[in-house]
Amino acid sequence: MASTSTTRSGRPELPQSVYNPRRHVGIHAERVSAVTSTEYPGHYPDEDHSWDLEKFKKNLQVSIKRLSQRSVEFDLVGVDASVANAFRRVLIAEVPTIAIEHVYVWNNTSVIHDEILAQRLGLVPLNVHPSHFNFRTPADTPDDRNTLVFRLQVECHRAPKDSPQPYTHELVKSGDLTWEPQGEQSLVFVTNPPAPTNKEIVLAKLRPGQEIDMELHAIKGVGKEHAKWSPVATASYRLHPLILLNPEKPVPPNLATKFAKCFSPGVIQVDKNGKVMVDERNLRKDSVSREVLRHKEFEGCVELKRIRDWFIFNVESEGPYTPEELLPEAVKVMRAKIASVRMAAEALLADADGGSELPGGGDVEMGGT
């Protein structure tokens, strides 16, 4: 089935290669088809698919489609789902951040238990870039290179009679955290003192006579240890949708408006003669709801597809990283993992040859971050 997709100007927006059936995942009324790739992605029998770096670089595309202060939408094209999913999982679980780990409670007369309040404090995102700090193990001594110290000291009182609020410090918020510099930290963070990224997060509610006094130690960690170290609120992807119109069975002009309403707004355009067209600039907005497949009158008029190697990523940053920094940070982590695997493979080869030049007799630590 050929496609008649065009933009409003009549010029195709998508590259012609997206119409290659090998790149398609079929969307049907109650099932999907061609969901699995070949055993070796991009390789087919009786064809030469030997590795070619220049060809890979030509097919690989990364482009930012939307960027705000806290989120980014970008396209990753030309890789297998295993690679895209690896980046998604690294973004969630292995890009390091700084979070509160140790809470020393001097006084807490609020109604919230110490453990619950400590957990809430750990989930408060901080604006501190982790590159300034080292990882801290249980055996390490806290110092200015691996630990940030905050103080939370709040007491609730009755407000004066002429005050619009009945109490002072009724709400304990993340903005009440006070940074206490250690060592040379006051010089390192002179232009950007450590603090929560959002100062309006409510941590507890107090009444007159209740008090919270705590010392908080923040350290470097990764999300696979605890979600509080995850640098993102959301990291997800979906496959780019593709709508193929059948030129041999066009949509009847009297049903064109109904046909357009089966898709997300702006995806299907109808001209004054009732001719249906796909606006490829808005094609990415389609939710692929399959509503059109419910109507018998449109049977055979359209095919719904998704492009198996075109991933639309949506990432929301919740920490020190700007949204556009997150993917490069994930790439750094991935490269470190690949380097570890390579070292392990070289150690195995060296052992097979009867010796090893690597320290430890060829053993490679695979832990990483």
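Quick note: residue numbers are just sequence positions, from 1.
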Notebook entry, point to check: What residues join Val190 in its hydrophobic cluster, counting side-chain heavy atom gaps under 4.5 Å, either direct or through other members?
Noted result: none

Next item on the list: Report the C-alpha distance between Asp75 and Arg284 in whole Å, list the side-chain angles of each, state the deciding distance to 0.1 Å, and finish with yes or no for salt bridge (charged side-chain N to carboxylate O under 4.0 Å, His left out).
Entry: CA-CA 10 Å; Asp75 289 356; Arg284 65 189 296 111; 2.7 Å; yes

Next item on the list: Given salt bridge (charged side-chain N to carboxylate O under 4.0 Å, His left out), test Glu297 with Lys258 step by step and report yes or no.
Entry: CA-CA 11 Å; Glu297 59 267 34; Lys258 180 180 179 180; 2.4 Å; yes

Under 3.5 Å, side chain of [X] to main-chain N/O of [Y], donor-acceptor pair present?
X: Ser264; Y: Ser287; answer: yes
X: Arg308; Y: Arg22; answer: yes
X: Gln119; Y: Ile116; answer: no
X: Ser186; Y: Pro181; answer: no
X: Thr109; Y: Glu211; answer: yes
X: His113; Y: Glu115; answer: no

Salt bridge present between [X] and [Y] (N-O < 4.0 angstrom):
X: Lys249; Y: Glu299; value: no
X: Glu54; Y: Lys58; value: no
X: Glu316; Y: Arg70; value: no

Taking the side chain as every heavy atom from C-beta outward, state whether [X] and [Y] have any pair of such atoms under 4.5 Å apart.
X: Phe74; Y: Lys65; answer: no
X: His102; Y: Leu216; answer: no
X: Asn107; Y: Ile212; answer: no

Next item on the list: If the plane angle is over 60° it's perpendicular, under 30° parallel, otherwise tilted; pick one for His129 and Tyr321.
Entry: perpendicular

Check: With a 3.5 Å cut-off and no angle check, do the side chains of Thr141 and Arg136 form a donor-acceptor pair?
Finding: no

Next item on the list: Check the hydrophobic clustering (I, L, V, M, F, W, Y; side-chain heavy atoms under 4.5 Å; chains of links allowed) and say if Ile64 and Leu91 are grouped together.
Entry: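 Yes, because Ile64 and Leu91 connect within a single hydrophobic cluster, where side-chain heavy atoms sit under 4.5 Å apart.
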
Notebook entry, point to check: Only one of Lys332, Arg89, Lys337, Arg88 forms a salt bridge (charged side-chain N to carboxylate O under 4.0 Å, His left out) with Glu94, so which one is it?
Noted result: Lys337

